[in-house]
Amino acid sequence: MLLLLGRRVPLSFVHRLTTCCPSSLSRPVLVSSVLIKLRAITRITHSTVFVSAAGQNTGTMPERRPFVRLPTDVYPVNYGLCLKPDLIDFTFEGKLEALVEVTQATNQIVMNCADIDIITASFAPQGGEEINATGFNYQNEDEKVTLSFPSALQKGSGTLKIDFVGELNDKMKGFYRSKYTASAGEIRYAAVTQFEATDARRAFPCWDEPAIKATFDIALIVPKDRVALSNMNVIDRKPYPDDENLVEVKFATTPIMSTYLVAFVIGEYDYVESQSSDGVTVRVYTPVGKAEQGKFALEVATKTLPFYKDYFNVPYPLPKIDLIAIADFAAGAMENWGLVTYRETALLIDPKNSCSSSRQWVALVVGHELAHQWFGNLVTMEWWTHLWLNEGFASWIEYLCVDHCFPEYDIWTQFVSADYTRALDLDALDSSHPIEVNVGHPSEVDEIFDAISYSKGASVIRMLHNYIGDEDFRKGMNAYLLKFQHKNASTEDLWDCLEQASGKPIAAVMGSWTKQMGFPIIVVDQEQQGDDRILKISQKKFCASGPHNGEYCPSWMVPISICTSEDPKCTKLKVLLDRPETTITLSGVNPDQWVKINPGTVGFYRIQYSSSMLESLLPGVRDLSLQPVDRLGLQNDLFSLSRAGMISTVEVLKLMEAFVNEPNYTVWSDLSCNLGVLSSLLSHTDFHEEIQEFIRDLFTPIGLELGWDSKPGEGHLDALLRGLVLGKLGKAGHKPTLEEARRRFRDHVDGKQVLPADLRSPVYLTVLKHGDSATLDTMLKLHKQADMQEEKNRIERVLGAISAPDLIQKVLNFALSEEVRPQDTVSVIGGVAGSSKQGRKAAWKFVKDNWEELYNRYQGGFLISRLIKLTVDGFAIDKMAAEVKSFFESHPAPAAERTVQQCCENILLNAAWLKRDADDIHQYLLQRKAPPV
Ligand code: BES
Ligand code: ZN
């Protein structure tokens, strides 16, 4: 999961004020080509003027006007929408017939509209005469259009008709084109949509705010040999009178819904179908000839729908749900009501060629998007400020769902490594932001699709669920969904329902986590008094740069739980820490028992134990008496404390060595990830090889135990662990692993022995890391031959491991070539930056040199934030922070401004860490190899 915020927004006061006379522009095609040119001009003006992160005007730029939501004097009740895409010319024609309610007499209608051109517009009051609009004033910067009428529209119902044209763009937003290769090798295009957060306005003029819900009657005019899908089931399909090659497909009326959830797809697809136990028709649409690859997702979806129905105690309200793989797709997946769109790699599984981690990813993504069908679609956030409700909740419950479908994945432990620790890392920065954040302009909305909304959101919901207990949590959720179904809700509304259900002070507790940024570090000390253990517990804000003494210190309402070595699985005591410090007495704890705070690693905080407490816990790592998730949590806390300068990194290295007997995949995975961070930091020193040696020594025993071939009876987690360990050993230059990887790679390429899917990433990584130009060429050939996007992505992500500078450049150029899907360019460049010191430099230069193309490709959306983070986060020299800052001052990316700040902060933190600990680390790495004296 790749995710990523005050306030800074593109500001152009060069508004295109177009007043056109409807009757003079009656030929859509002509209009569209003229207007597409006009739009190109407007786009340039779009990215020219900005305010700084501090909200100040940077230099020559004018003040920006405040963002304003749409007026409420006219609102939609039903959209009758007919679209006719042209898959050859990449344009579309549209007709909107919206039933609207005028609440106050007005002679203007203000709607959202971007990159589309209105040809005619009229309004007819119910039973009255049609009035033509006399002017369309586009406020491009605000993505709005004002329709002016010669007389006032009176209070009451009426029909608004608009004819318009637009472009099927190649920017993966709005109504766009997605490229695919037909069976004869011919390049063709599908027309697809991605409207969240604010891009429905690029497909049709609309009230594009989540709280302005209406019903939709959608019709599509498409070539008769194409599949046409939308949110609802098809109710009519008939020849189109003007063209025998076309058909008109009509869909059933949707429930009342937000515009960002509307979707349509026109293309060539196969599908597999099933019926869920609660009677919903589920289809998974795949590229032609690949229906088999939809079976896994189909199974997950048909199990998941009844699971959610039961969990929420609310049925899925539509008769069907389609899940469809889209070739060119910016996000991972999108929860459009009844028509969920996915990247191919988030939906398709080939029994032979997909690896275990892909299956797990597909299960999580399906679980996530289907949860939105209730949480987001049925009940929708009132405004984007509450986006976290959607995304945090879905990012939590996807794990509950996968745990239900695949208990063998031990997915909750993986949650801690994937989401919880990631959120802690980001939220420890001074440039983090609260979960609930005021947003207005679209670029601000784009910016909050980040690890705070997703991973911190999911983590605090997990903490809340644990605090309330499953029964009351479900009761409260059910009440919330029933009360707000087909409506909108805010964070407070959810708290109210949960408070009612549990009788606990939910709003007060949760407000401290969602309204203020950051989280506490819990400082614990102990004393033994007879049979009692006295714990002194205090909280202060945890900062990635270490304690900020003397500053105002916020505090949180912290649910604290405690266990002891007597029963490490069982919570002995729960308290709510609602003040800066407190003392707790644990009775019946003898002196040789250890005491652990936060069993299960559920509370969203870090812990600093006194040295006596920490010392007593460490044997629990070696003898595995601590639970896996607690071993993981302890290691991760200490790693984070070392980065903040609160303990020496040498202490963490010593702790890591205590993990040699570790059997658990996720514990290894988290440790491996932190070692990767350290290895990247030490790539700035001349003792990088010593940390490689440390890695090799740590991973060799588990590598030997696992071997290369899977053994009978092994499961999902064994496969993941083997891939992780072999990849780590191979990358760190472990000779036997390198030799075996080369041998197996040759056999694979020669067709003698195909590599099992789970071994491909580690083998590809190993041979590339230690490979030459022939290795790279072979890998590029495998890429070209690969039929599955999963295999292409697998190769793309490791290409950056190549070492020679000219080959690094070749990989970077490849990233922008036609061979790589537009959304995947980010991971190729990121792979280069994350692999080596040379790679990082080269990738940064490449991003700067190709900035315009990259920015334009992603239209400054969230993929640009990901690209920036992957490229520059690993630098560890102060002056690079200044360079990055200065580059983005002259090359603004509004939706990535907070990411840029966070990266600069991370670079400075890395630099300080290196200065502080490099010598000690070096000494430690040398002396651990020295013979004892
Ligand atoms: N609603 C989002 C899709 C989205 C993301 C729209 C960013 C606009 C901007 C969807 O529910 C989602 O969260 N997708 C995730 C995958 C999920 C499994 C975490 C994504 O796209 O990364
Ligand atoms: Zn989501």
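This one's a predicted model, so the numbers in the text were calculated from it and none came from an experiment. Counting begins at 1 with the first residue of the sequence. Start at 1 and go down the list; that is how both ligands and their atoms are numbered. The analysis underlying the following values was restricted to heavy atoms, covering all of them including side chains, and did not include hydrogens, waters or symmetry mates.
If you look at Phe175 and Phe264, their ring centroids are closer than 6.0 Å. Remark: aromatic rings of Trp851 and Tyr858 are distant, center separation not under 6.0 Å.
By the side-chain contact (heavy atoms from CB on, under 4.5 Å) test, Thr281 pairs with Glu273, Gln275, Lys320, sequence neighbours left out. By the ring pair (Phe, Tyr, Trp, His ring centres under 6.0 Å) test, Phe484 pairs with Tyr480, sequence neighbours left out.
The ligand atoms of ligand 1 that sit less than 4.0 angstrom from a heavy atom of Val365 are 18 (C). Near Gly332, meaning under 4.0 Å from one of its heavy atoms, ligand 1 places the atoms 20 (C), 21 (O), 22 (O). For ligand 1, the atoms lying closer than 4.0 Å to a non-hydrogen atom of Tyr454 are 2 (C), 5 (C), 12 (C), 13 (O), 19 (C). For ligand 1 and His372, the ligand atoms under 4.0 Å from any heavy atom of the residue are 11 (O).
The backbone of Ala333, and not its side chain, has at least one atom closer than 4.0 Å to an atom of ligand 1 (non-hydrogen atoms only; backbone = N, CA, C, O). Of all the heavy atoms of Glu335, the ones lying under 4.0 Å from any atom of ligand 1 belong exclusively to the side chain.
With no hydrogens or angles considered, no side-chain donor-acceptor pair links Thr193 and Asn336 at under 3.5 Å. Counting only N and O atoms by type, the side chains of Glu796 and Ser827 include no donor and acceptor under 3.5 Å apart. When only modelled atom types and interatomic distance are considered, Thr345 and Gln789 share no side-chain donor-acceptor pair under 3.5 Å.
In His368, the N, O or S atom that comes nearest to the Zn ion (ligand 2) is NE2. Within Glu391, the N, O or S atom lying nearest to the Zn ion (ligand 2) carries the name OE1.
Taking any N or O of Glu369, backbone or side chain, at least one lies under 3.5 Å from an N or O belonging to ligand 1. Residue His368 has at least one nitrogen or oxygen atom sitting less than 3.5 Å from a nitrogen or oxygen atom of ligand 1, judged on distance alone. For ligand 1, the polar-atom distance check finds an N/O of Glu196 within less than 3.5 Å of one of the ligand's N/O atoms.
The two atoms that bring Cys355 and Arg794 nearest to each other are SG-NH1, 3.4 Å, heavy atoms only.
Using a 30° and 60° split on the angle between ring planes, His716 and Tyr409 fall in the parallel class, below 30°.
The closest approach between a heavy atom of Arg343 and any atom of ligand 1 is not below 4.0 Å. Residue contact check for ligand 1: Ala394 places no non-hydrogen atom closer than 4.0 Å to it.
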